[in-house]
Engineer: 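Structure incoming, see below.
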Number of protein chains: 2
Amino acid sequence: MRHRLKDVAERAGVSVKTVSNVVNGYVHVKPDTRARVEEAIAELKYRPNLSARNLRKGRTGVIALAVPELDIPYFAELARHVVTAAAELGWTVLIDQTGGGREQERVVAGGITEHLIDGLIFSPLALTAEDLAGLDGTPMVLLGERVDRGPADHVGIDNVAAAREITAHLIGLGRRRIAAIGSQRTPEGASARLRLAGYAAALADAGLDFDETLVAPAPAWHRAEGAVAMRSLLSLPVRPDAVFCFNDTLALGALRALHEAGLRVPEDVAVAGFDDIEDGRFSVPTLSTVAPDKERIARLAVELLADRIDGDRTASPRELPAPYRLELRESTQGP
Amino acid sequence: MRHRLKDVAERAGVSVKTVSNVVNGYVHVKPDTRARVEEAIAELKYRPNLSARNLRKGRTGVIALAVPELDIPYFAELARHVVTAAAELGWTVLIDQTGGGREQERVVAGGITEHLIDGLIFSPLALTAEDLAGLDGTPMVLLGERVDRGPADHVGIDNVAAAREITAHLIGLGRRRIAAIGSQRTPEGASARLRLAGYAAALADAGLDFDETLVAPAPAWHRAEGAVAMRSLLSLPVRPDAVFCFNDTLALGALRALHEAGLRVPEDVAVAGFDDIEDGRFSVPTLSTVAPDKERIARLAVELLADRIDGDRTASPRELPAPYRLELRESTQGP
DNA sequence: GTTGCTTTCTACAACGTTGTAAGCAACGTT
DNA sequence: AACGTTGCTTACAACGTTGTAGAAAGCAAC
């Protein structure tokens, strides 16, 4: 029992277009007429058919958010903020998981974009600038690492600066053998490269040597990999006295491994992460970390996208920095 | 530069409908013609307009998943599985956050359902049977607690039995003062009521008294509330020697509070949770919990919904139980 | 060379909506 | 009385797609 404008129009004794005008809040409708129409709408429980509206308007009112994995807390928290920010502007969000592979990301970037959504907020891991260059003009905003010379708008924090600051904090505690967990040699590892660069810069600032053996790789930045990496660092002849993990889940895994090894945090080994996920505020010990302003990132991304959809699509790509701060907790400062 | 069937048709020198037939894999098209059309499609990079297709077909190919909060790990993990299962059946998933309030849930249940989506997988906290009864016939599958006499299909585990089992496990460890965290007196607290019932049943099975003072409330089941509740339990004249938390985030908060109080887990207090979220496998100590088979739940929900969309919408509501198991880890069994 | 069947293709209408242009009152101005 | 202005309403066409009905062409069988 779905009703159409036509049904409402017949019931109210007006034309279809007048009903449409009432539904869309057009001003020049006599109060009397408006009331009759609204009554008919209520009686029939009329709801607009969005497919038809979209077809007519060439807009769907839906934007997509594509992230590598939904159950990585950082992306889940980000998704929450994007949905909230989009709702405030009247957009609905369709969430997509890419899995993080380059091919899958290419499919999402190229495939989803047609006609079902008006724009895309994309947090790619593996996508390169060439992949993006081939796309038609669906408005897109990129999150996370900067895809070099990317053809789309971008919102993100300064990874190098943030990594440098948190590493400097570890150095400021008097630590000298500072390890890093999360390096990636693959082309996907843009974040990893930037954070490693910040780490190296901080060491250089303090006159400390960059020791290759203190840098542990982690292909996917999951908790388990953090634990494995930490164990291998602990098996070195001289163990590190601090670790900078390239994200919080790695750090939580590292904390777990340190606990199993019977070491105290931060007394024996100080641990810092990146992302400020909720878990880190309740872990034992609580986790020092870089806290990107996720709400701000989400809001900027949505606004930038809305702007691109409504406005000039050919304007040159914009680069918006997002703020971050250090959250220093027990894992570096003690109870 | 968007192209339509018409553009392809002109280029290939055939009618619009023939192109449509090729796109839809209709069999009776001469190989020769098909080849010409496909070539034209490739040259123009033609993509179907989904709004138009949906309008014509009355289907959108999109289902919605509505959960209270995306950044609660349990829902994030569930969402991941739903997206995956839906993709295998050719559906796209639109994810919605309700916030968990009854009014918001009512809006989502009633409002989203029209014309943009073909069906809804809904994990309500507060919604009552009456709320659902008023809805028109959009196919819907409910997750989580059973809404009594609900008018929709339902997938979920047996909360009472699961809570009873995990409580029995605590009793089996020799604990006698077993607390519970997460009770809710509001009508929203369907899960809480069921899990509390299972807890009480296990106590009764073992001939233990049900002690009201050992049951701590928590309105939203966040980590912080788990910590607060644990602290208040520790301030009792005789402190508990075990706690059953109604979900894992509460349990993680409780672990944190126990750590701050200098108590050992499980030696002084054993802790059990519910949901088996990823965090619990890496916390210190690792968390014993009830592990619902989330992948199975997601798959069942998607299949049930697809069935409802394609098939008989008036068939009486189905009730599908999902499996679960106990994951016993350090927080009850020690290292 | 008529009949009937199959294969291949086409014209047309419809899905439900909104933009455009235009119509019709009622009103005020000249 | 004629004219413009304003407010309100309507008819029509279009958005891009697919279902229906049927035409055209080829083939086989009499």
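Chain A is the first sequence line, chain B the second, and so forth, proteins listed ahead of strands; every chain is numbered from 1.
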Engineer: The criterion is side chain to side chain donor-acceptor pair (under 3.5 Å); which residues satisfy it with N54(A), sequence neighbours excluded?
Structural biologist: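 N54(A): no side chain to side chain donor-acceptor pair (under 3.5 Å) contacts found.
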
Engineer: Can you list the residues that meet the salt bridge (charged side-chain N to carboxylate O under 4.0 Å, His left out) rule with R36(B), with sequence neighbours excluded?
Structural biologist: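 R36(B): salt bridge (charged side-chain N to carboxylate O under 4.0 Å, His left out) contacts with D32(B).
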
Engineer: Sequence neighbours excluded, which residues qualify as side chain to side chain donor-acceptor pair (under 3.5 Å) partners of S123(B)?
Structural biologist: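 So S123(B) forms no side chain to side chain donor-acceptor pair (under 3.5 Å) with any residue.
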
Engineer: Specify the residues of residues 26-37 of chain B, ordered by number, for which at least one heavy atom lies under 4.0 angstrom from an atom of DNA chain D.
Structural biologist: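 Nucleic-acid contacts, sorted: none.
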
Engineer: What pairs with S191(B) under side chain to side chain donor-acceptor pair (under 3.5 Å), at least two apart in sequence or on another chain?
Structural biologist: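 S191(B) satisfies side chain to side chain donor-acceptor pair (under 3.5 Å) with E145(B) only.
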
Engineer: For DNA chain C, which residues in residues 10-18 of chain A have a heavy atom at a distance below 4.0 Å?
Structural biologist: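 V16(A), K17(A) - these, ordered by number, are the residues of the stretch whose heavy atoms sit under 4.0 Å from the strand.
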
Engineer: In whole angstroms, how far is the C1' atom of dT17(D) from the CG atom of N54(B)?
Structural biologist: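 The answer, rounded to whole Å, is 10 Å.
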
Engineer: Can you sort out the partners of V29(A) under side-chain contact (heavy atoms from CB on, under 4.5 Å), two or more places apart, ordered by chain and number?
Structural biologist: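 By the side-chain contact (heavy atoms from CB on, under 4.5 Å) rule, V29(A) matches N21(A), V22(A), Y26(A), T33(A), R34(A).
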
Engineer: Could you check whether any side-chain N or O of D118(A) sits under 3.5 Å from a backbone N or O of T60(A), counting only pairs where one atom can act as donor and the other as acceptor?
Structural biologist: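 Yes, because the side chain of D118(A) sits within donor-acceptor range (under 3.5 Å) of the backbone of T60(A).
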
Engineer: Any salt bridge (Lys or Arg N to Asp or Glu O under 4.0 Å) involving residues 73-86 of chain A? Give me the pairs, sequence neighbours left out, ordered by first then second residue.
Structural biologist: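 Checked against salt bridge (Lys or Arg N to Asp or Glu O under 4.0 Å) - neighbours excluded - the pairs reaching residues 73-86 of chain A are E77(A)-K294(A), R80(A)-E69(B), R80(A)-D71(B).
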
Engineer: Rounded to the Å, how far apart are R4(B) CZ and dA14(D) C1'?
Structural biologist: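 Rounded to the whole Å, the gap is 11 Å.
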
Engineer: Under 4.0 Å from OP1 or OP2 of dT18(D): is there any side-chain N or O of R53(B) that close?
Structural biologist: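 For R53(B), the contact criterion (side-chain N or O under 4.0 Å from OP1 or OP2 of dT18(D)) is met.
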
Engineer: Nearest-Å distance, CZ (R47(B)) to C1' (dC15(D))?
Structural biologist: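 Value for this atom pair: 20 Å.
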
Engineer: Kindly indicate whether the side chain of R56(A) and the base of dT18(C) share any N or O donor-acceptor pair separated by less than 3.5 Å?
Structural biologist: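 Answer yes: a donor N or O sits under 3.5 Å from an acceptor.
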
Engineer: Under the side-chain contact (heavy atoms from CB on, under 4.5 Å) rule, collect the residues that match up with E39(B), sequence neighbours excluded.
Structural biologist: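 Testing E39(B) for side-chain contact (heavy atoms from CB on, under 4.5 Å), a comparison that skips the adjacent residues, returns E43(B).
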
Engineer: Is the closest side-chain heavy-atom distance between V141(A) and V155(A) below 4.5 Å?
Structural biologist: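 When only atoms from C-beta onward are counted, V155(A) and V141(A) do touch, with a gap below 4.5 Å.
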
Engineer: Specify the separation, in whole Å, of atom NZ of K57(A) and atom C1' of dC15(D).
Structural biologist: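 The answer, rounded to whole Å, is 13 Å.
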
Engineer: Checking the side chain of D293(B) only, and the main-chain atoms of P323(B) only, is there a donor and an acceptor separated by less than 3.5 Å?
Structural biologist: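 Side chain of D293(B) to backbone of P323(B), a donor-acceptor pair under 3.5 Å: no, none is there.
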
Engineer: Under the rule for side-chain contact (heavy atoms from CB on, under 4.5 Å), what residues qualify as partners of A298(A), not counting sequence neighbours?
Structural biologist: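 Applying side-chain contact (heavy atoms from CB on, under 4.5 Å) to A298(A) gives H81(A), V82(A).
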
Engineer: Could you work out how much the helix from dG1(C)-dC30(D) to dT30(C)-dA1(D) bends, comparing the axis of its first five pairs with that of its last five, to 10°?
Structural biologist: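 Result, rounded to 10 degrees: 60°.
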
Engineer: Where the side chain of N49(A) is concerned, which of dT18(C), dT10(C), dT17(C) is the nearest nucleotide?
Structural biologist: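 Output: dT17(C).
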
Engineer: Could you check how far CG of L50(A) sits from P of dT17(C), rounded to whole Å?
Structural biologist: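 It works out to 9 Å between those atoms.
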
Engineer: Using only side-chain N and O atoms of S20(A), determine if any of them is under 4.0 Å from OP1 or OP2 of dT18(C).
Structural biologist: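 Checking S20(A) against dT18(C): at least one side-chain N or O falls below 4.0 Å of OP1 or OP2.
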
Engineer: Looking at residues at least two apart in the chain, or sitting in another chain, which of them share a side-chain contact (heavy atoms from CB on, under 4.5 Å) with R299(B)?
Structural biologist: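 With sequence neighbours excluded, R299(B) shows a side-chain contact (heavy atoms from CB on, under 4.5 Å) to E88(B), E295(B), E303(B), given in chain and number order.
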
Engineer: Over how many whole Å does the gap from K6(B) atom NZ to dC12(C) atom P extend?
Structural biologist: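 It is 14 Å, rounded to the nearest whole Å.
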
Engineer: Please report the distance, rounded to the nearest Å, between CZ in R59(A) and P in dC15(D).
Structural biologist: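 The distance from CZ of R59(A) to P of dC15(D) comes to 17 Å, rounded to the nearest Å.
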
Engineer: Could you check A52(B) against N21(A) and say which one's nearest nucleotide on DNA chain C is further toward the 5' end?
Structural biologist: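 The 5'-side residue here is A52(B).
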
Engineer: Using a 4.0 Å heavy-atom cut-off across all strands, classify N24(A) as base, sugar-phosphate, or nothing.
Structural biologist: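 If one applies the 4.0 Å heavy-atom cut-off, N24(A) turns out to touch the sugar-phosphate alone, with no base involved.
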
